[in-house]
Each structure stands twice: as structure tokens, then as C-alpha cells.
Q: 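Got a structure for you, written out below as C-alpha cells; questions coming shortly.
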Amino acid sequence: MIEVNNLVKRYGDHTAVDHLSFKIEKGKIYGFLGPNGAGKSTTMNIITGYIASTEGTVSIDGHDILEEPEKAKKCIGYLPEQPPLYFDMTVLEYMRFAADLKKIPKDKKNEMIEEVMDTVKITDMKNRLIKNLSKGYRQRVGLAQAILGYPEVIILDEPTVGLDPKQIIEIRDLIKNLKQKHTVILSSHILSEVSAVCDYVLIISHGKLVASDTPENLSKLAAGSNNLSLVVKGDKEKIRILLGEISGVRDISIEGSGEEGEWNVKLTTEEHTDIREDVFFKMAENRYPILEMQSKKVSLEEIFLELTEDGAGQKKEKDAEQESDDKEGGES
Amino acid sequence: MTAIYKRELRSYLTSMIGYIFIFFILLLTGIYFSAYQLGAAYPKFEYTLSALTFVFLISVPILTMRILAEERKQKTDQLLLTSPVSVEKIVMGKYLALVTIFAIPMAIICFYPLLMTKFGTVSLGMAYTAILGFFLLGCANLAIGVFISSLTESQVIAAVLTFILLFAFYMMNGISSFFSEGALSTCITFGLLILAAAIIIYTMIKNLLISAVVCVAGEAVLAVLYIVNSEFFAGGIQKVLQVFNISGHFDNFANGIFDIKGVVYFLSVVAVCVFLTIQSIVKRRWN
């Protein structure tokens with residue numbers, strides 16, 4: 001449906017999107033996840049043809065966005081971060097204008113506008129000036145504009161920002177319903193939103209794709225690596241040696257817990273290994289009582305943080321490399 | 001294109017701005033008409049129009065300042081540029097809406113010469129030639145306003161810049177008389193301009209070699225031309241500046257002459273400005 005190939009966008013020295021490639025398939029909801037400034041909006045703006053990429057291509061349903069812009073844009077409905085509304089128009093006027101822009105045939109136009117306004121529940125507001133609408137309703141009018149004409153792909157940039165919780169749930173349900181007829185791409189920096197709505201998650205950090213999978217698989221990936229935290233009574237160094245003997249232990253950190261002779265131990269284990277029993281018997285053999293033992297599974301939230309921070313680390317290294325390259329280039 | 005045209009038209013006619021523009025043009029035309037035609041009983045309507053060319057300095061910036069600048073500020077250009085409508089059609093739709101607004105007072109002005117025929121002999125041919133010329137002059141000024149509006153996202157800056165530019169063009173006769181008509185001084189001025197152009201090229205592409213080549217080649221051509229035929233340069237600055245003397249091209253119309261050259265000139269200004277507007281919008285996408 002959408003193919004993004006090696007997309008690069010540079011603003012002067014700053015690289016907003018860095019060699020991004022992915023494919024979007026029909027009939028699914030895709031989530032772009034990333035911290036603020038990760039390049040989500042830029043990528044969406046490039047896919048929709050609002051800005052041009054420095055390098056790379058985007059093709060929508062086989063039409064290149066730069067070579068056949070009108071055909072490609074016809075397949076897309078776009079709700080940018082700030083809904084593109086004309087404040088001097090009423091909702092109905094605006095919808096008619098959007099329908100004309102999208103070249104919807106005259107005989108279907110009114111019917112389709114009614115239908116879409118019904119879907120996003122703005123029919124009651126149709127004769128109000130957009131400037132008098134609340135933020136939530138403005139967002140819905142923007143959404144209605146994106147759905148209008150039933151394009152094959154609907155791209156929503158942070159569709160729930162600034163809405164109250166009830167509205168957020170309504171909009172999410174709406175997006176889920178869109179799946180039946182459309183492919184949806186939405187961006188968000190809120191993890192729970194993406195995992196609640198999307199079938200597939202693309203995590204972007206510093207303009208790079210750091211992970212792409214279903215939310216379930218991402219959770220599994222995270223569950224593989226476990227953390228075990230213990231409170232053990234005994235000799236610090238001895239505990240360290242004993243725990244080190246257990247196979248599957250990757251990392252041990254021991255800190256004082258505040259109580260005399262009690263130690264907070266943090267164990268990182270290899271993926272898919274359960275060492276809780278081994279730990280228990282090892283400590284029991286040496287008569288070091290375990291006061292507490294807790295197994296921590298990594299949440300999607302933590303993967304997100306981990307992945308995006310890794311991205312930052314790589315980025316810094318790369319910048320340093322680039323700088324040294326630049327210097328060399330300058331000297332030669 | 002029709003969607004954008006209709007929206008712009010409605011937007012101007014549901015807000016104050018369109019009416020202020022129409023009111024302003026009609027008010028000043030009315031004042032001059034009553035002074036020259038009704039008061040002094042002067043039969044030439046062309047004369048009134050030629051005294052009125054300054055109305056565009058104030059009315060055009062008011063009308064054109066928001067046309068593209070506001071879209072950018074409100075980010076509504078995202079809707080236009082991501083919809084299946086080409087940039088050419090967006091700009092043309094908007095420009096034609098402006099021309100339509102301007103055609104409203106012009107249509108009313110068309111009745112004035114008819115009114116005068118009630119009281120004496122009036123050369124309607126000359127009067128309507130002048131009205132046509134005046135209309136084309138307005139269209140050219142509007143096109144400049146549209147281009148300036150595409151450069152910035154602030155309406156105030158767009159209005160001020162448009163005013164300054166139109167004012168400079170309006171005063172072009174005076175400005176060109178500041179420069180000497182001598183061949184040597186003209187040649188030196190052009191030489192400095194080439195140097196400035198080379199510096200601008202350097203700041204844009206950061207390539208010393210290319211800008212140096214441009215500079216040296218340009219200066220060499222100038223020097224050769226000057227040595228071969230120094231008279232070629234006499235009055236050169238004035239000739240170049242005359243291209244920007246937009247209201248000056250109305251003079252023939254104001255004398256009741258249907259000036260084909262003038263028509264071509266005004267239409268060229270419109271075409272160039274519309275082209276530049278399209279380019280400035282397209283270019284911004286690549287930044």
C-alpha cells in the first residue's frame with residue numbers, strides 16, 4: 001500500500017529523518033511511536049506530500065508522491081498535528097470545501113458529507129463557525145476532513161492530543177472502526193494509546209526506525225530479559241560469589257538496604273531463563289535467608305524508553321564521527 | 001481550482017476586507033470624478049483614472065496581505081498542499097478570486113462615462129480603453145501582492161513589503177533620475193551589481209570557484225562591451241529601471257490609446273509574479 005524507501009530529511013545540519021524504510025499493508029492500524037522531535041510529523045508530512053524529502057522515495061498504491069502527486073494524494077486523507085481549519089467558515093461550508101478539493105463527484109457529495117459528519121458526531125455543529133468550536137470539536141472536524149472521500153489510507157498526526165479522556169476514548173473507538181475500510185497510520189508519543197489501538201507499532205527515535213512489530217511481540221521481546229530483585233541477609237562478598245555461580249546470571253549489583261547485614265541484590269538474567277529456584281536453593285544451602293524475592297517483567301514502556309535512549313546513544317556517537325569527518329574534510 | 005476560487009471569494013465577501021477594498025476604490029474614484037467631471041465639467045474620464053493610479057499603493061496590500069501568508073500561519077496550507085490539487089491551480093484560484101473582487105468596483109466605474117454622455121460629448125472608446133488599462137494595471141499590482149504574501153507568514157510584513165515595493169515602482173521615474181546617464185558610470189554600476197550577484201551566489205551555494213567564475217566572466221563581458229561600444233551603456237540604468245515602472249505603462253491608456261505593448265507588459269507582470277509565487281511555494285517544500 002505505502003512503501004517508504006530510504007527516506008532522509010535534512011534541515012541544514014540537522015537530520016530529522018535518517019534513512020527510514022518501511023512498508024504499510026492494507027487494512028491495519030499502524031502506530032508511529034516516538035518521543036517529541038523524533039521525526040514522526042516530518043515523516044508524515046513527507047508521505048502526504050506536504051514537504052519533500054532530501055533523499056529517498058515514497059510510493060502510495062504504486063504512485064510516487066513526487067512524480068504523480070495528484071494520484072498519490074487522492075489515496076490519502078491527512079489530519080496534521082494542528083487541524084487545518086478555516087476559522088471563518090462553518091463546519092458544513094468547510095466540509096463542502098474539503099469535498100471539492102478532493103474532487104468528490106457532485107451527486108455523492110452531500111450524502112457523503114452527512115455520513116462522515118455522523119460518524120465523527122459533528123452533525124449538531126454543522127452550522128457553527130469553526131472559530132467558535134472547542135478544541136475537541138475542531139479535532140473532530142479535522143478528522144472528518146481526513147475521512148471524507150473514504151481514501152484508502154488515513155494518516156493522523158497525534159489525533160488525541162488536547163482532548164479530554166472521554167473524547168480520547170471516542171476518537172480511539174472511531175479509529176478502530178476505520179480499520180474495516182481503511183488503512184490507518186497514526187502517530188503518538190503516548191505508549192498506551194498506540195498499544196490500545198494499533199495492530200503494528202513502528203518505534204522511531206532520532207529519525208531512525210528502532211523497532212517495528214506488533215505490540216504483543218514487542219512485549220514478548222521485553223519479557224525475555226528478566227530482572228530479579230532480592231533482599232538477602234548475609235555476607236556481601238560471599239553472596240556475590242555464590243550468585244555468580246548460578247548459570248544464566250548476567251549481571252549482579254549489590255547495595256546496602258539500610259538494615260545491618262541485609263543487602264538489596266539486583267540480578268539481570270539471560271532471556272527466557274528462570275533462575276528463581278536456583279537462587280533459593282543456593283542461598284538456602286549457605287543459610288543466607290532470602291527476605292524478599294521479586295521477578296520484574298519489562299513493560300512496553302521500558303522497551304520504548306530503552307530503544308529510544310539507545311537511539312540517542314547511537315546518534316551521539318554518529319554525530320561525533322561526523323564531526324571528526326567534517327574536520328578531516330575541511331583540512332584536506 | 002474552482003473550490004479554492006469560491007472559498008477565497010466567499011472569504012473576502014464575508015469579512016470586512018473585501019468591502020473595504022471595494023469601498024476605498026469607489027470612494028476615491030467618486031471624489032476625483034466629482035471634482036474633475038461634475039465640478040470642472042471635464043469630458044475626459046481617462047484623466048480621472050490617471051490621477052487615481054496611487055489607490056493601488058494602499059488598497060492592494062490590504063487585499064493581498066492575507067492571501068497566502070495566513071494559510072501558512074494557520075497551517076491550512078497543509079490541507080491544500082496535501083489534497084489532489086496542484087500548486088499552480090491553488091495559486092491561480094486565489095489570484096482569480098482577487099481579480100474578481102477587483103472587477104466589482106471596476107464594473108461600477110464602467111457606468112461613469114455613460115453617466116457623462118447625458119451632459120455632453122464623451123469619447124466612450126477612449127474612456128473604456130483607459131478603464132481597461134486601469135484594470136490591467138490593478139491586476140499587475142495584485143499579482144505582485146500575491147507574490148509578496150507567499151514569501152512570509154506574517155500578514156503585517158506582507159502588507160508593508162507590498163506597499164514599499166509598489167511605492168518604489170510608483171516612484172520609479174524619480175528614482176531613475178537619481179542615477180547618472182553617462183556610459184562609464186552606468187558600466188561601473190553594472191559591474192558592482194555583478195559583484196553583488198556573485199557574493200549572493202557564494203552565500204547560497206558556498207562554492208568559491210563558481211561564484212568567482214561568474215564574477216570574472218560578467219565583469220569581462222562588461223569591459224569588452226564598454227571598449228567596443230561605450231555608447232551602448234548610455235542611459236542603461238534608466239532603461240532597466242523603466243521595466244519596473246508599472247504605472248508608467250498606463251500612460252498611453254490614460255491618453256486614450258489602446259497600447260498593445262502595455263497590455264503585453266501587464267500580462268507579463270502577472271505571469272511572472274504568478275510563476276514566482278508557485279516557485280516560492282514549491283521551493284519551501286524542499287527546505
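Keep in mind that what you see is a predicted model, and the values were worked out from it rather than measured. Throughout, a chain's letter reflects where its sequence line sits, starting with A, and its residues are numbered from 1.
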Q: Side chain, backbone, both or neither: which part of A:L101 has a heavy atom under 4.5 Å from chain B?
A: both
Q: Should the heavy atoms of other residues, nucleotides or ligands under 6.0 Å from CZ of A:F87 be counted, would the total exceed 12?
A: yes
Q: Going by salt bridge (charged side-chain N to carboxylate O under 4.0 Å, His left out), name the pairs with one or both residues in residues 131-142 of chain B, residues two or more places apart or in two chains.
A: none
Q: Record all donor-acceptor atom pairs with a distance under 3.5 Å between chain A and chain B; write none if the list is empty.
A:
from	atom 1	to	atom 2	distance (Å)
A:K9	NZ	B:N287	O	3.3
A:N45	OD1	B:Q78	NE2	3.2
A:G49	O	B:R285	NE	3.4
A:G49	O	B:R285	NH2	2.6
A:Y50	O	B:R285	NE	3.4
A:Y50	OH	B:D77	OD1	3.3
A:Y50	OH	B:D77	OD2	3.0
A:A52	N	B:R285	O	2.9
A:K73	NZ	B:L81	O	2.8
A:Y86	OH	B:E71	OE1	2.7
A:Y86	OH	B:E71	OE2	3.1
A:D88	OD2	B:S11	OG	3.2
A:K103	NZ	B:P84	O	2.7

Q: If you draw a 6.0 Å radius around CZ in B:F275, do more than 12 non-hydrogen atoms from other residues or ligands fall strictly inside?
A: no
Q: Does any backbone or side-chain atom of A:I47 lie under 4.5 Å from a heavy atom of chain B? Answer side chain, backbone, both or neither.
A: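 For A:I47, no heavy atom lies under 4.5 Å from chain B.
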Q: Which residues in residues 190-197 of chain B have a heavy atom less than 4.5 Å from any heavy atom of chain A?
A: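 When heavy atoms of chain A are the reference, residues 190-197 of chain B contributes no residue within the under-4.5 Å range.
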Q: If the condition is salt bridge (charged side-chain N to carboxylate O under 4.0 Å, His left out), which residues does A:K108 pass it with, not counting sequence neighbours?
A: none
Q: Could you report the tightest heavy-atom contact between A:F97 and B:L79, atom names first, then the distance?
A: CE2-CD2, 4.1 Å
